Amino acid sequence: MLQTGICARPAIAPWRTAFCKICPRAFYRFTMETIQSLLQARVQAAVPGDWVVQVQPAADRRFGDYQTNIAMLMARQQKANPRQVAQSILERIAVEDLCFPPEVAGAGFLNFKVRPEFLAARMLDLSKDPRCGIGAVARPKKMVVDFSSPNVAKPMHVGHIRSTILGDAIARVAEFLGHAVVRDNHIGDWGTQFGMLLLGWKRELDPEALQRDPLSEMERLYKLVSARCKEDPATLEAAREELVRLQGGDPENLGFWKEMIRLSQGQFDAVYGRLGVRFDVTLGESFYNARLKGVVQDLCDRGIARESEGAFCVFSDESVPPEEDPFLIRDREGWRPNPALVQKSDGAANYTTTDLATLEYRMEEWNPEEIVYVTDGRQQLHFRQLFAVFRRWKPGSTLRLAHVWFGTILGPDGKPFKTRSGETVRLSELLDEAEERAGRVLAEKNPDLPEAERLEIARLIGLGAVKYADLLPNRQSDYVFSWDKMLSFQGNTAPYLQNAYVRIRSIFRKAGCGVPQCAALDLGTEPERDLALKLLQFGEVLPQVLDDYRPNLLANYLFELANAFHTFYEACPVLKSEGALREGRLLLCDNAARVLQCGLGLLGIGVPERM
RNA sequence: GCGCUCGUAGCUCAGCUGGAUAGAGCAACGGAUUUCUAAUCCGUUGGUCGUGGGUUCGAAUCCCGCCGGGCGCACCA
């Protein structure tokens, strides 16, 4: 069982096969192999073919730039001396053009230190590469990314932020690597809550309030009726009747329902507009209603689902050991069934059925190779069952299904993030506050900025801070939400990264020139060399993001890059230097700015020209 | 009870599917500014990786037991 809940064999990591054989022509000319991949190929050529060589960035600077432990792995199997195996690889390896003569170190590591001339040549290539050294994948996939998924008639809140931001970042990276991505917003526009909403709409609607703030009014109605239902069976019954009428196609209820969707979509559009998130399709649960009966019927016909206590359920087929079976659960007595319901005893389908119908629709409509679901970790069991039912339902399908789950955003008290009064925090208000806070810091640090520009920069910084804080931790961790931390200009934050970009732009403004056409580059100092190496590693890191859907790898890389740039900036004057040195440093600066902009852009974060 | 997940520096977190002396940010302390934005940089202090076993040349990482937290366990999604 893989950690991400991936169903079916994962594809080979794209970057391992990404040598641009089928790249679109426009990219081909500029696509750069990474140093890592070059070294890997060279070591591979020096060892027997049944070994798969991994070359990795060195754990410690003293060991050089890259290292491989292949000799130790080989020695273990051959019961040989690891250092001797390493030595024999060394004798066959040809890397003089890339590195200084490699060394055997420690228990049998091979360490590589890249020649500055090689890095310099690569810097010149990078400066001409509009894709910042990122090749398109050899075999583009069609993939659906299912993310955000807010509910109609409810304000979007912090609970939606991780799915939205993670999903958007994953989609952006996949698109940039050349995959064909369908961004699908599977909104919650159907279900029992509409019975209560309709009842409230008919009995308690305040038209003025609805016009002023439709989401708040709908939320008020829902809470009102929901509370009444708990104490008053008659209200509950009335709500149920409204739901039955809606499901039966009653024109009045359908009209109100559509109006609620329309009003909600306005809110979604506003929030997504601010966040810079876009969708290719927004198909709510209701879209799949017509298919539900057929899905249940088909599952029954095939013997996958059967009746139990009036409901229709999928039970274990005992094809896997009980410990791995999502349809079994153990108690004191032993293993007992833990079925997935596909139809409730009242005849209504539930979300497993909707998800199956959605899967079928996506196969028909797009025939994707992969579908990625970005939801919180509490739905793990649901997706394990969903994927397992799907395998039994469509046994011939090679579709890869991945549940990319994430943890909870916590408040300072370590409990799920809420307002002081215990309410959920609205996303729109959260974004307002982010911009306001960024604006205040900006006014203090840089009072000379004109108002309009300050607001625009505050928007970029505020939104960037929120997004970056969400993307930096491992997605499976819960993390503590802290305004002070995310908006700090020190440490691993979006403003720190944006500041690195701003400093470079400032240099070019002062220089009054564009990027120089260098014929050669001399990386004479450590900070220059380090920066160059780090810049080239963009192409190594980015494809890894998709291996396990972890944008935090990119966030971490960008922080290290910004750090390397700041170190360079302190140690290596650009404008005060002259001639070739100055031009070379300007070129380094430009490369750094472009990689920062590109990388942050892939996280959905924009960069200001000044701040 | 069962399952999933987490437990790493005072705090917040990384740790790339077994590699070298476990890293970063914040906080604390000490330095650097007639400057290309100090919104920065450099340095110091700080960890029995919850705990006990196991696997092996080698474990924060894999396996088993225990302790503690979060979440989930058929008609909500």
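Just so we're on the same page: letters track the sequence lines, and every chain starts at 1. Quick caveat, the model's predicted, so the values are computed rather than measured.
- Partners of A/Arg336 under the side-chain contact (heavy atoms from CB on, under 4.5 Å) rule, at least two apart in sequence or in another chain, are A/Ile329, A/Asp331.
- In this structure, a donor-acceptor pair under 3.5 Å is absent between the side chains of A/Asn552 and A/Arg475.
- Between A/Leu472 and A/Asn556 the shortest side-chain heavy-atom distance falls below 4.5 Å.
- The shortest distance between the side-chain N/O atoms of A/Lys415 and the OP1/OP2 oxygens of B/G69 is not below 4.0 Å.
- Residue A/Ser477 places at least one side-chain N or O under 4.0 Å from the OP1 or OP2 atom of B/A14.
- Between B/U17 and A/Gln56, a contact under 4.0 Å exists linking OP1 or OP2 to a side-chain N or O.
- One finds no side-chain N or O of A/Asn556 lying less than 4.0 angstrom from the OP1 or OP2 phosphate oxygen of B/G15.
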What's touching nucleotides 21-32 of chain B from the protein side, N or O pairs under 3.5 Å?
from  : atom 1 : to      : atom 2 : distance (Å)
B/U21 : N3     : A/Arg62 : NH2    : 3.4

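- Shown here is A/Gln78, whose CD atom has more than 12 heavy atoms of other residues, nucleotides or ligands within 6.0 Å.
- A donor-acceptor contact under 3.5 angstrom links the side chains of A/Tyr66 and A/Glu540, judged on distance only.
- Defined by atom type and a distance below 3.5 Å, a donor-acceptor pair is present between the side-chain atoms of A/Tyr479 and A/Asp470.
- The glycosidic torsion of B/U17 lies within 90° of 0, which places this base in the syn conformation.
- Residue A/Asn474 places at least one side-chain N or O under 4.0 Å from the OP1 or OP2 atom of B/G15.
- Within the 4.0 Å cut-off from OP1 or OP2 of B/C41, at least one side-chain nitrogen or oxygen of A/Tyr496 is found.
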